[in-house]
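Throughout, protein chains are lettered first and strands after them, A, B, ... in sequence-line order, and every chain is numbered starting at 1.
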2 protein chains.
Amino acid sequence: MSIILAILGFMTESAPPTPAQLMDQLARAAAAYYRHFAVASGEHGLTLMQGKVLGLLRRPMPMRTLAELLVCDASNVTGIVDRLQARDLVRRETDPADRRIKNVVLTTEGERTVERIRARLTTDLTALEQLDDEDRRAFQRLLGQVFP
Amino acid sequence: MSIILAILGFMTESAPPTPAQLMDQLARAAAAYYRHFAVASGEHGLTLMQGKVLGLLRRPMPMRTLAELLVCDASNVTGIVDRLQARDLVRRETDPADRRIKNVVLTTEGERTVERIRARLTTDLTALEQLDDEDRRAFQRLLGQVFP
DNA sequence: GCATATTGCTTGAAGGCATCAACCATCTAT
DNA sequence: ATAGATGGTTGATGCCTTCAAGCAATATGC
């Protein structure tokens with residue numbers, strides 16, 4: 001293989017990124033994701049954390065579970081849910097089987113809000129929809145591999 | 001193609017993820033990335049934001065630039081840099097060419113700290129190093145495509 | 001040159017998030 | 001029935017975040 005072709009090969013294929021470069025790109029991607037999320041939440045007067053909690057409530061769940069999913073102290077969740085409840089996006093229902101447990105439930109308004117946030121996010125990250133089947137599979141596999 | 005083979009095909013190839021599923025996985029990945037980052041920073045008594053600022057200071061830069069990179073108010077950076085400076089991880093140097101500008105510089109201790117945080121992060125995300133050249137290229141391309 | 005923006009940074013006030021210790025109510029186990 | 005574990009809240013403290021106001025230094029316009 002001539003040296004010219006070798007150079008051409010380099011130019012078209014380019015060297016694979018180092019782990020350090022990938023780490024940088026991950027940092028940028030994560031920052032970008034949360035920036036989008038914060039903006040989408042902010043459009044409804046919600047903080048990132050409030051938006052996150054709404055997004056988790058696909059089904060009612062105890063405060064405790066929310067704390068575990070958010071990887072934070074339970075006392076933290078109290079305040080966040082308080083503020084969501086003050087806006088009627090969420091309500092607490094004490095579990096009849098175990099009256100210590102308070103299940104957090106989305107109100108109708110809460111469902112509408114989370115739906116709009118999700119919609120905004122998908123129109124913001126249009127590129128996701130434009131990936132072909134192959135790329136979607138690869139992206140899913142790679143994300144799952146790096147963050148097991 | 002018989003229905004059996006079709007089912008087998010499904011089972012081995014599986015359907016490509018929908019954009020919504022990818023969005024979920026992105027949410028998990030971004031959360032995981034920041035959790036790792038927060039832990040790595042926390043090991044040195046630093047918050048996520050303080051760690052982020054240290055990580056940005058590969059070269060000295062004005063407070064203003066830091067605010068732009070962090071996408072936050074300039075007044076915010078004042079406090080963060082104050083706390084980093086109180087621990088001698090960083091110092092302010094007023095720019096001789098424009099004495100309004102204060103360039104934030106890593107101290108030797110700051111360099112060591114950021115190096116350790118980076119090291120911790122790369123050992124945490126070992127999977128990055130285990131990707132082959134093909135996967136690294138693909139991951140870089142996909143991340144760049146989704147978060148341009 | 002000099003008055004007037006403009007820019008870079010800081011301060012103070014107000015609110016949300018994060019963690020810890022202490023507490024109450026409820027459930028579980030012996 | 002008593003002791004311990006669990007779910008949730010409260011209060012204190014510190015950090016992040018934004019906004020409005022302000023100071024210092026530089027740029028701009030005449």
Using OP1 and OP2 only, check whether a side-chain N or O of Arg83(B) sits under 4.0 Å from dG14(D).
no

query = With the threshold set at 4.0 Å, does a side-chain nitrogen-carboxylate oxygen contact exist between Arg100(B) and Asp95(B)?
reply = no

Ala74(B) has its side chain closest, among dC17(C), dT10(D), dT10(C), to dT10(C)

Need one value for Asn76(A): base, sugar-phosphate or nothing, where a base atom within 4.0 Å counts as base even if backbone is also close, heavy atoms only. base

Rounded to whole Å, the CG-P distance (Leu70(A) to dG8(D)) equals 13 Å

Which of dT18(D), dT10(C), dC27(C) is nearest the side chain of Asp98(A)? It is dC27(C)

**Request:** State whether the distance check finds a donor on one side and an acceptor on the other, under 3.5 Å, for side chain Ser75(B) versus base dC9(C).
**Result:** no

Side-chain contact check for Arg92(B): nearest option of dC17(C), dT10(C), dA25(D) is dT10(C)

- prompt: Do the rings of Tyr33(A) and Phe147(B) sit parallel, tilted or perpendicular, given the 30° and 60° boundaries?
  reply: perpendicular

When rounded to whole Å, the CZ to C1' distance for the pair Arg64(B) and dT6(C) reads 12 Å

Apply salt bridge (charged side-chain N to carboxylate O under 4.0 Å, His left out) to residues Glu134(A) and Arg136(A) and explain how you reach the verdict. CA-CA 6 Å; Glu134(A) 194 67 30; Arg136(A) 288 184 198 180; over 6 Å; no

Item to complete: With heavy atoms under 4.0 Å as the rule, sort Thr47(A) into base, sugar-phosphate or nothing.
Response: sugar-phosphate

### Message
Taking 4.0 Å as the cut-off, does a side-chain nitrogen or oxygen of Arg99(B) come that near to OP1 or OP2 on dT26(D)?
### Response
yes

Between Ala97(A) and Ile80(A), whichever has its closest DNA chain C nucleotide further toward 5' is Ile80(A)

Here the distance between atom P of dT9(D) and atom CD1 of Ile101(A), to the nearest Å, is 12 Å

Met63(A) CE to dA18(C) P, in whole Å, measures 14 Å

Atom CG of Asp95(A) and atom P of dC27(C) are separated, to the nearest Å, by 9 Å

Taking for Pro96(A) and for Asp73(A) the nucleotide of DNA chain C with the nearest heavy atom, the one nearer the 5' end belongs to Asp73(A)

The residue among Asp124(B), Thr122(B), Thr123(B) that forms side chain to side chain donor-acceptor pair (under 3.5 Å) with Arg120(B) is Asp124(B)

- Query: What about Arg100(A): does its side chain form a donor-acceptor pair under 3.5 Å with the base of dT6(D)?
  - Reply: yes

Between CG of Asp82(B) and P of dT11(C) the distance, given in whole Å, is 7 Å

Do Leu57(B) and Leu66(B) make a side-chain contact, defined as non-hydrogen atoms from C-beta onward lying under 4.5 Å apart? yes

When rounded to whole Å, the CG to P distance for the pair Leu66(A) and dG8(D) reads 9 Å

Rounded to whole Å, the OH-P distance (Tyr34(B) to dA18(C)) equals 14 Å

